[in-house]
Protein chains: 2
Amino acid sequence: MPVTIRQISEAAGVSVATVSRALNGSDHPVNAETQKRILEIAQKLGYHPNHIARSLRTDRSPIIGIICDDITSAFTTKIVRGVQDRLKEDGYFCVVINTDWDPASEQRAIQDLTGYLIEGIIFAETVHQSASDELKLNDKKCVFVHRLFPKGFPNSVIPDELYGSRLAVNHLIQLGHKRIGYLNGPEQFYSSEERFLGYKTMLEDSGIAFDPTLVANGDFGTEQGYVAASQLLDLPEPPTAIFAANDLMAIGTIYAAQDRGLRIPDDLALVGYDNQYISTISRPSLTTVSLPCFEMGRASAELLLALLNDEAADSQEIKVKGELLIRESCGAARDPQPAPRMPSRVDRLNLFRDQNNGKG
Amino acid sequence: MPVTIRQISEAAGVSVATVSRALNGSDHPVNAETQKRILEIAQKLGYHPNHIARSLRTDRSPIIGIICDDITSAFTTKIVRGVQDRLKEDGYFCVVINTDWDPASEQRAIQDLTGYLIEGIIFAETVHQSASDELKLNDKKCVFVHRLFPKGFPNSVIPDELYGSRLAVNHLIQLGHKRIGYLNGPEQFYSSEERFLGYKTMLEDSGIAFDPTLVANGDFGTEQGYVAASQLLDLPEPPTAIFAANDLMAIGTIYAAQDRGLRIPDDLALVGYDNQYISTISRPSLTTVSLPCFEMGRASAELLLALLNDEAADSQEIKVKGELLIRESCGAARDPQPAPRMPSRVDRLNLFRDQNNGKG
DNA sequence: ATGAAAGCGCTAACAA
DNA sequence: TTGTTAGCGCTTTCAT
């Protein structure tokens, strides 16, 4: 059986109240000696606080819920990780629930979570159709972090797609390109819209007329990227550079260029978006704009924390900026760069083993 | 304020005990009429059980903990997802904690989790050095699911690497190859050992002598794959096929072949391992053996559930088999296959939107 | 078939 | 500075 404060109080010859105060560093004064003794006994007995009992009493809980469509997505994973890291600093744990894009699951998840007296919910990349209704009933604090929807959602954290897109296009312009093609993403995504807008406005701001024939539509997939890029490359007067709305379509562009005997970056400069892992090991490696998932996760955790402490007014919308990562495909890299390594399990494991002398 | 069973009892004019029985479908007899009435009232009032209070009373909890090194890894994510899906069927939630390969974090995580009266812990791809000690103190049920360590760990779920490796090598042999090169992974991994063993034994079982000059060492990374493959391809008598111990090294092999003007699969057959996403969009797409992460997750959840219900003897070790996925790189694909699409957010979102008539 | 009451481990108001 | 005690919401034993 786990040890309780009652056992500690008996061992120390004090009341449970004193034990509780000593253990929690309460405001209530406790004799330093006694406290030290209690702490030692707790240590010796291997005491761990029963969070359940504490929660029932205090009506607070160290758990926050993360609801996402599918944690298997590389984007979602990073967001979740960002959330967890930030929340951990304040002693919170995260329950992660997948809804598989199913509003009923989402609703169910919200009910379950609120039943567990969680402190708040972060919706990470969910369609959150059902969210609003259900949440009005319960008065849980919640934050939305995503990249899918039209802006303007209260308490949300989104990437600054416009900024990132302009970053990419400006880079190509600075490299001297005037005919810059664009591979557009699917219409229904906010990210598509914004990236496209960034492309157009950056061109115009630089005095380059927007030319619709240099835009081809894709669906964020590699094959459609291939098709769309082919369309532009087969133009009578093809672009000298292509900005693909995401990395996968950029990969398709690499293949399309290969099939036409075009070298990247020599004959065609290429920039992607998202900084997916593949952009680091493709050939050539992709210059791209990072989608700052990790930072978005942190930001949303921060926002939730503020909400929980009533430090933040509601209805905020936070935009997080990504950065331009210059690799081989745009032709601007000074040296042939070694492709960044995968965040390596091997390295970390070796480090761990070295530190622990092979005991692992 | 959330509604409690007391409020329901008052509304229904019965005692809280009756309400509790009615709500939980208790063994204790309850009048059918009364029960129906109570259920209706609960529904109307929007009652959700307070899991915290219930847990404190019953000493049980609907939460299990997942401890992993880093949920950001594509492998870990799938394992976690498998666990969550299975556990959800039995009404459990999962708290996910990352340790970043740090034994102190792991120990801390265990303490925190046991303090929360979780039912059990699944260690997903953790070094779990500290685990054993800490867990002896607490008597929580736990399961280890991983692909890193020597076999024989109690209550663990691991992939059947030997089987998978033999699958791959046998496939190349069936295609008529006799000189099959092997790109080995780093020594310290169990998966490296087993995959290498599978390579050797399958050759021998087929009457092909093992030739050490056809083996080159890598570190599971793309660049080292390039280097190792180059070594084999530059041999006086190079192999006609290469089996890379993982997909990333197979990607390196593609690049090495490219640089030598070798076509895959025409001049060189290639098989990878892991079925990472990149194997579906590489050019050529990779024939590979799947690492059944999702299934491993499910299996470990299943094992934990059995443990919790005392249905399983301890000290089990479950091996999960992957399968051979035939794509372009081995030359066996009958038709030029379209690369499988990424599990597409777009598709799913569209499906969701269609179903919901654009309300999303 | 229903109710009264104890108590899970903890915190905090009140008393000393 | 310490102790006593009530009670968080729920389940369950015992009594009716």
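Throughout, a chain's letter reflects where its sequence line sits, starting with A, and its residues are numbered from 1. Hydrogens, waters and symmetry mates play no part in the numbers below; they use all other heavy atoms, side chains included.
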Participant: What does B:Ser20 touch in the nucleic acid at a heavy-atom separation under 4.0 angstrom: a base, only the sugar-phosphate, or nothing?
Facilitator: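 It contacts base atoms.
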Participant: Could you check whether atom CD of A:Glu311 has more than 12 heavy atoms from other residues, nucleotides or ligands sitting under 6.0 Å from it?
Facilitator: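 Atom CD in A:Glu311 is crowded, with more than 12 foreign heavy atoms closer than 6.0 Å.
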Participant: Which residues satisfy the side-chain hydrogen bond (donor to acceptor under 3.5 Å, both in side chains) test with B:Arg108, sequence neighbours excluded?
Facilitator: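 Residues passing side-chain hydrogen bond (donor to acceptor under 3.5 Å, both in side chains) with B:Arg108: B:Asp112.
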Participant: Considering residues at least two apart in sequence or located in another chain, which fulfil the side-chain hydrogen bond (donor to acceptor under 3.5 Å, both in side chains) criterion with B:Ser26?
Facilitator: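 B:Ser26 satisfies side-chain hydrogen bond (donor to acceptor under 3.5 Å, both in side chains) with no other residue.
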Participant: Can you list the residues that meet the side-chain hydrogen bond (donor to acceptor under 3.5 Å, both in side chains) rule with A:Thr99, with sequence neighbours excluded?
Facilitator: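 So A:Thr99 forms a side-chain hydrogen bond (donor to acceptor under 3.5 Å, both in side chains) with A:Asp69.
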Participant: Please determine, for the side chain of B:Ser15, which listed nucleotide (D:dG9, D:dC10, C:dA4) has the closest atom?
Facilitator: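 Per side-chain heavy atoms of B:Ser15, the pick is C:dA4.
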Participant: Closest to the A:Ile5 side chain: D:dG9, C:dA12, C:dC10?
Facilitator: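 It is C:dC10.
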Participant: Please state how far atom NE2 in B:His51 lies from atom C1' in D:dC10, giving the value in whole angstrom units.
Facilitator: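 Computing the B:His51:NE2 to D:dC10:C1' distance gives 12 Å.
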Participant: Return each pair, listed once, that meets salt bridge (Lys or Arg N to Asp or Glu O under 4.0 Å) where at least one residue sits in residues 39-53 of chain B; pairs must be two or more places apart or across chains.
Facilitator: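 Qualifying pairs: B:Lys36-B:Glu40.
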Participant: If you pin B:Val14 and B:Asp59 to their nearest nucleotides in DNA chain C, which one's is more 5'?
Facilitator: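 Of the two residues, B:Val14 wins.
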Participant: For DNA chain C, which residues in residues 22-41 of chain A have a heavy atom at a distance below 4.0 Å?
Facilitator: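 Residues of residues 22-41 of chain A under 4.0 Å from DNA chain C: A:Asn24, A:His28.
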Participant: Applying side-chain hydrogen bond (donor to acceptor under 3.5 Å, both in side chains), name anything that partners B:Arg21, two or more places apart in sequence or on another chain.
Facilitator: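 In terms of side-chain hydrogen bond (donor to acceptor under 3.5 Å, both in side chains), with neighbours along the sequence ignored, B:Arg21 is linked to no residue.
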Participant: Whole angstroms only, please: what is the NE2-C1' distance between B:His48 and D:dG9?
Facilitator: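 Answer to the nearest Å: 16 Å.
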Participant: Which nucleotide wins on minimum distance to the side chain of A:Arg21, given the candidates D:dC8, C:dG3, D:dT4?
Facilitator: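 Of the candidates, D:dT4 comes closest.
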Participant: Of all the nucleotides listed (C:dC8, C:dA4, D:dC10), which has the minimum atom distance to the side chain of B:Arg54?
Facilitator: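 Among the listed nucleotides, the one closest to the side chain of B:Arg54 is D:dC10.
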Participant: Has B:Tyr47 got a side-chain N or O lying under 4.0 Å from the OP1 or OP2 atom of D:dG9?
Facilitator: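 No, outside the criterion.
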Participant: Could you state the atom-to-atom distance from CG of B:Leu56 to C1' of C:dA6 in whole Å?
Facilitator: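 Result: 13 Å.
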